[in-house]
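Bear in mind the structure is a predicted one, so any value in this text is a computation, not a measurement. For the numbers below, each heavy atom of this structure counts, side chains included, while hydrogens, waters and symmetry mates do not.
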Protein chains: 2
Amino acid sequence: MSWSKDDRESPRGYHHGNLKEALVRAALELIAQKGPAGFTFAEAARWAGVSPAAPYRHFRDRDQLLASVALRGFNQFEAALARAWDDGLPDVFTALDRLGKAYLGFARAEPAYYSAMFEAGIPLAISPELREASDRAFAVLRAAAEKLCATTPAPNRPPALMVALHIWAMSHGIASLFGRGDAARRALPMSPEELLEAEVLVYLRGLGVAEAKPNGGPSASARNPN
Amino acid sequence: MSWSKDDRESPRGYHHGNLKEALVRAALELIAQKGPAGFTFAEAARWAGVSPAAPYRHFRDRDQLLASVALRGFNQFEAALARAWDDGLPDVFTALDRLGKAYLGFARAEPAYYSAMFEAGIPLAISPELREASDRAFAVLRAAAEKLCATTPAPNRPPALMVALHIWAMSHGIASLFGRGDAARRALPMSPEELLEAEVLVYLRGLGVAEAKPNGGPSASARNPN
DNA sequence: GCTTAATGTAAAAGCTATTTACATGAGCTG
DNA sequence: CAGCTCATGTAAATAGCTTTTACATTAAGC
């Protein structure tokens with residue numbers, strides 16, 4: 001928990017001072033506890049110590065609040081992915097592996113954000129900012145795909161956009177199906193991280209993008225003479 | 001729709017006659033209209049023409065009803081996948097392509113089922129039947145993966161379970177991110193079906209499973225006609 | 001026909017969502 | 001500082017959903 005400074009809930013009078021912020025945090029906490037469905041506007045208000053009507057000064061309705069959560073989520077998601085990708089250093093394959101792990105790590109560490117972003121049924125069109133934030137997050141995947149595709153000779157080079165969408169679908173599929181420790185989903189013969197790494201490696205081999213690293217690693221099992 | 005006989009809603013007296021069935025259908029209709037969240041127990045009851053308390057004679061709560069919907073969904077899903085797979089005839093690759101299209105087709109044609117099955121947050125553990133139905137559906141993917149893996153020489157043969165999980169993740173990822181005509185999600189340079197087909201073909205090539213058909217291989221379907 | 005269990009109703013208590021009229025106080029202006 | 005104004009919060013009221021409890025109705029078997 002980060003009870004640092006800007007959510008002082010104790011010394012307040014008639015006005016909260018930072019209710020919008022407090023509501024977003026309350027929503028996060030409640031979603032994390034009881035799923036995206038099991039969170040109510042009223043309970044968020046109670047959590048922030050205000051009357052049930054107060055939130056309406058800041059959000060038109062529940063969806064608007066969820067959209068705010070999703071917006072913040074996309075921003076943090078983009079930051080996490082960009083940090084992991086790190087412009088493809090020291091090499092594309094190492095960075096791509098970090099990227100995949102960061103994707104799964106985010107879904108696991110921030111299930112509330114991930115739910116709001118992908119599973120709560122909030123249309124991206126609800127606000128331009130939300131779409132832009134989502135686009136920025138995807139742009140990281142897109143950039144990685146570009147750099148990846150650039151390693152292959154032009155004649156056989158696959159379209160980077162398609163590769164980015166494929167990587168996104170693989171990551172999201174694994175995160176969504178197996179990613180959270182729901183204790184409610186299917187048992188796996190390996191961790192989600194290993195599963196995704198293997199999938200991406202096979203996919204890259206299929207693209208004709210060969211891993212150039214001298215490192216044997218987990219990829220050695222999926223490698224073949226070209 | 002199958003408005004054949006056993007849902008006569010008009011001529012009924014005190015007892016409905018088939019309320020459980022009617023509630024499941026009402027839930028499907030409502031979920032399809034307003035998403036998995038925008039469906040209430042009470043409205044399902046109203047839809048079936050009974051009092052708000054009546055559903056409690058058949059379902060402990062909302063989740064139990066959703067689980068019934070999901071159960072039926074998994075059964076239909078399994079049937080659709082099995083029909084598409086058709087034991088891998090006339091050849092594995094043709095059948096696999098049908099399988100992928102059937103997966104996406106189901107998600108698009110039956111969004112209510114798909115939501116209940118994968119996005120409503122119903123734990124599979126809620127009932128043994130639900131898990132078994134889910135397992136049977138996955139078994140179709142698993143069988144396809146087995147047959148696929150059997151086409152490669154044993155020394156390099158990938159684990160079929162892993163391949164099945166990968167195919168599932170790709171399909172679900174694409175269905176979940178781009179599959180429904182939400183008009184709310186991202187614009188694509190190609191249809192979900194083409195996207196999935198291309199992804200699977202690249203993946204298969206990476207596995208070392210070559211498509212033996214005379215249609216030109218993966219690059220042919222990844223082409224961009226624009 | 002009578003009994004019993006299954007199935008449905010009515011009513012009530014306690015939620016949440018949302019609106020409306022009103023209260024408070026922070027910040028600006030002179 | 002005085003006074004104005006607007007953003008922010010409250011109270012109260014309406015309406016709907018959830019769930020339980022006591023009761024009503026009917027189908028089915030003996």
_Rounded distance (Å) that lies between atom P of D:dA7 and atom NZ of A:Lys20_ = 13 Å
*Length of the CG-C1' vector between A:Leu65 and C:dT16, whole Å*: 15 Å
*Are A:Lys20 and A:Phe59 in a cation-pi setup, meaning NZ or CZ lies under 6.0 angstrom from the ring centre and within 45 degrees of the ring axis?*
yes
*Determine, using ring centers only, whether B:Phe39 and B:Trp47 are less than 6.0 Å apart.*
no
*Look at the rings of A:Tyr103 and A:Phe118 and say which category their plane angle falls in: under 30° parallel, 30 to 60° tilted, over 60° perpendicular.*
parallel
*Whole Å only: how far is the CZ atom of A:Phe59 from the P atom of C:dT18?*
14 Å
*Distance, rounded to the nearest Å, where A:Leu19 contributes CG and C:dA26 contributes C1'*: 16 Å
*Quick one: list whatever passes ring pair (Phe, Tyr, Trp, His ring centres under 6.0 Å) with A:Phe41, sequence neighbours left out.*
A:Tyr56
*Hey, does A:Ile167 have a side-chain heavy atom less than 4.5 Å from the side chain of A:Leu148?*
yes
*Using a 4.0 Å heavy-atom cut-off, write out nucleotides 14-20 of chain D from 5' to 3' as B (base contacted by protein), S (sugar-phosphate only) or - (no contact).*
---SSBB
*Considering just the side-chain nitrogens and oxygens of B:His58, establish if one lies under 4.0 Å of OP1 or OP2 belonging to C:dA6.*
no
*Is the closest side-chain donor-acceptor distance between B:Gln76 and B:Tyr113 under 3.5 Å?*
yes
